[in-house]
Structures are given as C-alpha cells and as structure tokens.
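Small disclaimer: the values here were computed from a predicted structure and weren't measured.
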There are 2 protein chains.
Amino acid sequence: MHVSSRPTIKEVSKIAGVSFKTVSRVLNNEKHVSEETRRRVEEVVARLNFRPSHAARTLAGRKSFQVGLLYDNPSPYYIYHVQTGAQQRCTELGYRLLLQPIDSQSPDLVSNVLALIDETHLDGLILSPPVTEATALLDELDRRGLPYVRIAPGTRKDAGLSASMDDVVAARELTAHLIGLGHRRIAMIRGLESHASSADRLAGYRAELEAHGIAFDPALVVAAENDFASGAAAARELLALKDRPTAIFAGNDDMAAGALATAHESDIDVPGQLSIAGFDDSDLARAVWPPLTTIRQPVHELASAAAELILGGAAPQPRVTLEHKLMVRASTGPAPR
Amino acid sequence: MHVSSRPTIKEVSKIAGVSFKTVSRVLNNEKHVSEETRRRVEEVVARLNFRPSHAARTLAGRKSFQVGLLYDNPSPYYIYHVQTGAQQRCTELGYRLLLQPIDSQSPDLVSNVLALIDETHLDGLILSPPVTEATALLDELDRRGLPYVRIAPGTRKDAGLSASMDDVVAARELTAHLIGLGHRRIAMIRGLESHASSADRLAGYRAELEAHGIAFDPALVVAAENDFASGAAAARELLALKDRPTAIFAGNDDMAAGALATAHESDIDVPGQLSIAGFDDSDLARAVWPPLTTIRQPVHELASAAAELILGGAAPQPRVTLEHKLMVRASTGPAPR
DNA sequence: TTGCGCACTGCCAGCGCTGTCAAATATGGC
DNA sequence: GCCATATTTGACAGCGCTGGCAGTGCGCAA
C-alpha cells in the first residue's frame with residue numbers, strides 16, 4: 001500500500017554496522033551498550049526517522065505499551081478533558097492511549113472489554129464514570145490480574161488504584177455558600193443514578209443543610225438525567241411548587257444551564273429572584289448568562305493522575321485525591337426577602 | 001501479566017479439529033471453507049470468546065485494520081462529534097480508529113505523523129480541520145501513497161477524498177435570514193485564519209450582502225479566535241462603534257455566545273435591540289439564552305461519511321457534500337427602527 | 001602468567017498470525 | 001468408471017521485533 005515503505009530494525013543495524021539486537025537495546029534504553037555504539041545507532045535512527053513497529057514489539061515482548069481509556073459519558077466537555085489529561089501523561093511516559101467509548105449498561109460489557117484486551121494486548125485500563133461502577137467488570141479484571149485505575153469511583157472506594165475528588169465535601173461547600181447568602185429553601189436537581197457522584201453530591205447537600213439546622217425537604221429534590229433538557233424540565237417542576245425554592249443546586253452544569261433557561265423563560269431574574277448553581281465548571285458555566293457559580297472539578301488533572309498511577313509503577317499511594325474549587329460567579333446572590 | 005491469558009488461534013484449531021490456517025480463513029471470511037467446517041470453527045471461537053491478536057495480524061498481513069483520526073481543534077463539542085461519527089462507522093466496518101490529537105502548527109507535524117504511521121502501520125488517515133490545510137503533510141502522504149480523506153478541506157478542494165458542507169452557501173442563507181428581518185448593518189465576527197471555513201463564511205456573508213445591494217463595510221468585520229472570550233471582546237468592539245450594527249453574525253457558536261454575554265453585560269436586549277447568530281449548532285446554541293439562531297453543521301455525519309469514503313473502497317464519488325440547515329431560534333428578530 | 005568477573009555484543013527461537021503454494025478431496029463430463 | 005477441474009484443507013515461511021543465552025574481549029587480582 002505504501003509506495004515508500006518503512007525501514008526496519010535490520011536496515012538500521014546494517015547501516016550502523018551492528019547486530020539488530022544491539023539496535024533493539026538502544027531503542028529500549030537497556031544498559032550494556034557502549035556510549036560509542038549507542039551514539040552511532042541513535043544517529044542512524046534519527047537520520048532514517050526510524051520508528052519501531054508497535055505490532056512487532058507487542059508480539060515479541062511482554063508489553064504492548066498500550067493503555068485503554070473506557071468512557072460512556074454524553075458530555076463532550078468531560079470526555080474531552082479526560083481524554084487530553086490521560087493522553088498527555090501517557091504520551092510523556094511512552095505509552096499509547098486507546099480511546100474506547102463503550103456502553104456501560106450493555107449486558108455484553110464484560111465480554112466486549114475482554115475482547116478489546118485480547119485483541120490489543122492492553123497493559124492496563126483507565127476507567128471513567130460510570131464505567132467505574134461496573135462491578136462485574138472489576139471482578140473480571142481482578143481475576144485476570146490486569147491493572148486498572150478508576151477515575152472518581154463510587155463503589156469499592158477503598159479497593160485498587162483511583163484518582164478522585166471529594167464530591168461530598170464539594171457539595172457541602174456549595175450548599176454552605178447558598179446558605180451563607182441567606183437561602184433556606186434550596187432545591188437540588190440530582191443527576192443520573194448510574195453516576196455515583198450524583199449520590200455523593202446529594203449527600204453533601206443534605207449534610208450541610210442538617211449542619212445548619214435546615215430540615216431536609218424531599219419535595220425539593222428532583223431527579224434529572226445530567227443534560228440540559230432534563231435540567232430545564234426539573235426546574236419547571238420546582239418553580240411550579242406552591243412554596244417555591246429561592247435557590248437551585250444542580251448536580252452538573254448542563255442541568256444548571258437548563259434550569260437557567262427555564263428561569264429566563266419564566267422571566268424570573270437570576271440571581272435577583274432565584275439563585276442557580278452548577279457543578280463541574282465546564283465551558284458552559286462561563287458561556288451562559290449570568291455565568292454559573294459552580295464547583296471546579298479537576299477533570300484534566302484527575303485523568304492525568306490516573307495515567308500516572310497506572311504507568312508510574314512507583315506509585316506509593318494507590319489513591320489520589322485532588323482539590324476542587326468553589327467558583328463563585330454571578331448566578332448566585334442574596335436570597336430575596 | 002495476565003493470570004489467565006488469551007487463547008490463540010492454534011488452541012482454537014486444536015479444539016475444532018482443523019489446521020490453524022483454516023481458522024484463519026474463517027476469521028477473515030475467506031471463501032473455500034465448507035459450511036460444516038465454518039460452523040464448527042465459529043462455534044469454538046464463540047465458546048472461547050477468542051479474538052485474534054491485532055498485533056499479529058498487522059505484522060503478518062498487509063493490512064493493520066487501523067485508521068488514524070488527526071485533530072487539532074479546541075472545541076470539545078466538535079471533537080466529540082467528529083470522534084463518534086468516525087468511530088461508529090469504523091467499528092461497523094471492522095476497523096479500529098486511532099484518535100490522535102496533534103499540533104498542526106508544529107514544524108514537526110509531518111515527521112510526527114509519519115512516525116505515527118510507521119509505528120502503527122496505519123491503513124489510512126482521516127484529517128479534520130485545521131490539519132486538513134497542512135499541505136506539506138498532504139504532499140508527503142501522496143508521495144507515500146497512503147490513503148487519506150479530509151473533512152471540510154479548505155485548500156485543494158478538488159483533490160482527493162473529502163466530506164464537506166458548503167460553508168459559503170450556509171453563510172449566505174444565514175445572512176439572508178438577517179436581511180429578511182430588516183437588518184442592514186450586519187457585523188461579522190470572523191474566526192481563525194488557520195481554519196479555511198472562516199474565509200468561506202466571510203465570503204458567503206459578503207456575497208449575500210452584495211446580492212441585496214448592501215455595501216460591505218470593513219469596519220463591521222472583526223477577527224476573533226473561535227472561542228468565547230475573543231467573541232465577547234470582538235462584540236465589545238463592535239458595540240462601541242458610533243454607528244452600531246443591529247445584528248452580529250459570529251463565525252461559530254462559541255464566539256456568538258461570547259457576543260451574547262457582552263450584550264447581557266451591557267444590558268442590550270437580544271433580539272430586541274440586537275440580533276446575534278452563530279454557526280455550528282453546537283450544544284451551546286441551545287444552552288444559552290436566548291437560544292441561538294445558527295447553522296446546523298452535520299459534524300457527526302461528515303466524520304461518518306469520511307470513514308466510509310476511506311474504508312468502503314467502493315466509493316464512486318471521491319467528494320461528498322452534506323446538507324446544512326438554518327436553525328432559526330430566538331436570538332434573532334426584526335431589526336429595531 | 002593464569003583465572004575470573006564484568007561490560008558488551010551477537011545468535012537464534014519464537015510471539016500469533018497471513019500469504020503462498022502444494023496436497024487432498026469432491027464434482028462433473030463423457 | 002476415469003480424467004480434468006474445482007473446491008477444500010494443510011504445511012510452512014516469515015512479518016519485525018524481544019528474550020534468553022552464549023560468546024568475546026578486557027581489566028585486575030592472585
């Protein structure tokens with residue numbers, strides 16, 4: 001197919017005047033190669049722009065230098081940052097990252113992933129939510145002894161490698177911010193059950209209310225599906241309540257944006273009559289008007305830390321927790337009287 | 001590394017009672033295998049959940065069943081849809097898609113891509129804007145005879161495979177929509193020079209103005225960088241003009257959202273005092289308030305068509321053009337008098 | 001001088017498949 | 001029933017590398 005085809009390790013070795021095994025040693029940074037030889041080989045490699053065949057290394061060696069990233073999240077923003085965070089770190093460490101969207105609800109999840117592993121000889125796997133919660137998959141990976149790391153795991157938090165932020169604490173901070181502004185009827189639009197963070201954020205919200213002696217009112221919690229449309233619908237429901245909330249805490253920015261649109265639609269001033277807060281600090285948070293008060297979730301850094309954990313074998317601590325940050329913007333303000 | 005390691009083609013053949021070459025034939029859907037034998041082999045393959053090693057097939061055969069997707073676009077929305085569109089089609093056709101972010105401005109672009117090709121034995125490449133415009137890369141790919149397809153190419157539109165929409169016509173339609181609402185002073189926020197579509201959209205805008213006998217005013221064209229912040233800044237500049245425009249056509253939705261935020265900031269009613277339109281119909285278009293009038297760009301379908309073109313060798317027409325659609329929403333309205 | 005350890009290098013098998021070609025078996029025509 | 005031809009199957013090399021191991025040459029202690 002190629003007109004001019006790639007050089008092979010043997011051609012490099014011929015030109016450098018050494019055995020092809022020696023070239024292999026240089027490429028893999030093994031010791032027991034004299035400085036002189038190494039220099040000569042490297043010079044030829046650079047001149048020919050030689051790159052060893054990934055397929056051949058995988059087949060011959062015990063490592064494939066490939067890691068998979070599994071995701072099943074409809075938010076382009078989230079996916080994008082998970083991808084770039086993980087990819088950067090993997091590239092730096094000399095690994096290739098295989099980006100693999102997958103249906104985490106499919107009954108074939110486990111066999112699909114095993115097929116991927118067998119096909120590509122993956123060295124490890126990075127799981128992002130909600131794939132992180134597929135316990136059948138985790139069991140099978142454990143059984144196989146295939147290393148994996150989870151980003152923001154909800155279940156089995158104490159097992160295995162993971163990189164996460166503290167959703168409960170973050171939700172408490174956000175709730176505290178609203179309470180501090182004088183709000184007492186604070187509603188919550190909670191996200192998908194399949195995402196463990198939804199429950200954590202709800203828990204943080206409840207805990208903070210209780211800490212301030214505010215009774216938890218189940219009528220103020222409405223479920224939605226992590227997207228704009230369902231967030232808008234949930235807000236409609238909340239605003240139709242006889243005793244309307246003065247603030248809405250949405251489980252993510254997409255739902256918060258939906259709630260904001262509902263407020264605009266109903267000519268309710270934000271934050272004058274209603275405060276709205278989101279979670280994630282996605283691009284959306286700054287793009288809507290007024291810009292959203294939200295929690296900055298370090299998605300990029302979480303993914304990067306996950307890659308580090310699984311590749312930098314030296315990992316002393318199997319669990320990394322990164323800092324979130326409350327971003328106060330114009331969508332929240334003092335409670336109306 | 002694996003506790004229980006993958007089965008190989010030889011084990012499958014032993015169980016099925018045939019030579020491993022016959023199993024290979026079944027896996028590759030070759031003819032000259034009796035129905036009876038095929039059935040028996042397939043049954044064993046399914047039972048063992050056997051998947052042929054990608055590395056071995058690549059090494060032994062002349063195809064790698066891998067296609068690369070190169071991108072260098074900061075918009076998560078665009079990337080996400082390009083990825084999913086291409087990936088779906090590739091998966092259906094039995095290919096693996098390698099998602100590869102890359103710096104299209106780097107002086108090492110060509111050698112980086114060649115390294116990727118050599119390492120992975122890529123069968124073909126899908127280029128998305130602005131990588132599509134890297135002529136040095138195109139030349140090198142041509143020289144190598146490596147098949148590639150471009151999504152929305154700006155240069156060399158008549159060469160090679162490509163999938164695109166008509167940016168000029170779309171921009172004309174959007175401009176006509178604004179003119180039809182009575183607008184005469186219509187500003188344009190143009191996007192990055194490195195994206196060929198920016199120039200096409202500007203050209204469409206100019207052409208439609210001229211078709212309606214409206215003089216083109218260079219003062220009404222401001223450059224920005226395809227993102228929210230630069231769009232907001234550009235709008236500030238436009239609204240500071242003594243003879244302020246009554247409508248702003250932004251080269252993409254991100255910049256339009258920025259312009260919208262600027263309007264909100266300055267307490268300018270949209271669309272009462274100012275109409276704003278975007279381009280792309282990204283998630284953002286529906287998430288902001290008021291929702292943006294924009295052009296729906298079939299990103300997913302373009303990527304899918306590109307994958308089809310490069311893999312479905314049967315492609316009779318090397319160039320595919322897909323339909324866009326004018327989405328009229330609430331951000332545009334009659335010109336104020 | 002001999003012997004031994006160590007740093008360096010080369011040889012070869014083999015990873016799990018596909019391509020090629022030859023062998024075995026089935027099919028058809030007369 | 002026999003040969004020519006088509007269909008089905010198998011044997012084997014080899015893709016481009018790594019892993020294991022067997023050298024080779026040199027310095028240094030005995």
I would like to know whether A:Leu114 and A:Arg144 meet side chain to side chain contact (heavy atoms under 4.5 Å, CB included); could you show each step before the answer? CA-CA 10 Å; A:Leu114 293 183; A:Arg144 285 231 190 178; 3.6 Å; yes
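For A:His32 and C:dC6, the NE2 to P distance is 10 Å, given to the nearest whole Å. Taking atom CD of A:Glu30 as the reference point, atom P of D:dG19 lies 7 Å away to the nearest angstrom. When the P atom of D:dT9 is taken as reference, atom NZ of B:Lys31 falls 15 Å away, rounded to whole Å. Atom-to-atom, CG of A:Leu27 to C1' of D:dG16 comes out at 12 Å; the value is rounded to the nearest Å. Look at CD1 on A:Ile9: it is 15 Å from P on C:dT9, rounded to the nearest Å. Regarding B:Glu35, its CD atom lies at a distance of 13 Å from the C1' atom of D:dT7, rounded to whole Å. With rounding to whole Å, B:His121 atom NE2 is found 9 Å from D:dC15 atom C1'. What separates NZ of B:Lys21 from C1' of C:dA23 is a distance of 15 Å, to the nearest Å.
A salt bridge links A:Glu92 with A:Arg89: at least one charged nitrogen is closer than 4.0 Å to a carboxylate oxygen. In this structure, B:Glu43 does not pair ionically with B:Arg40, as no charged nitrogen and carboxylate oxygen lie closer than 4.0 Å. Ion pairing of A:Glu42 with A:Arg39 is absent here, as no side-chain N (NZ or NE/NH1/NH2) approaches a carboxylate O to less than 4.0 Å.
In the displayed structure, B:Glu323 atom CD is contacted under 6.0 Å by at most 12 heavy atoms of other residues, nucleotides or ligands.
Residue-to-nucleotide proximity on DNA chain C shows that, of A:Phe20 and A:Ser34, the 5′-proximal contact is made by A:Ser34.
Non-hydrogen atoms lying under 4.0 Å from DNA chain C are contributed by A:Leu59, A:Ala60, all within residues 49-61 of chain A.
Between B:Val320 and B:Glu308 the shortest side-chain heavy-atom distance does not fall below 4.5 Å.
Taking side-chain N and O atoms only, B:Thr8 has no distance below 4.0 Å to OP1 or OP2 of C:dC15. The phosphate of D:dG10 has OP1 or OP2 within less than 4.0 Å of a side-chain N or O from B:Thr22. Between A:Arg62 and D:dG20 there is a side-chain polar atom (N or O) within less than 4.0 angstrom of OP1 or OP2. Contact check, A:Arg38 against C:dT9: no side-chain N or O comes under 4.0 Å of OP1 or OP2.
Between A:Phe65 and A:Tyr95, the ring-plane angle classifies as tilted under the 30° and 60° cut-offs.
Across every non-hydrogen atom of A:Leu69 and A:Leu97, the tightest pair is CB-CD1, 4.0 Å.
A:Gln83 and A:Tyr71 form a side-chain donor-acceptor contact under 3.5 Å, judged by distance and modelled atom types alone.
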In B/S/- notation, 5' to 3', how is nucleotides 22-28 of chain D contacted by protein heavy atoms closer than 4.0 Å? -------
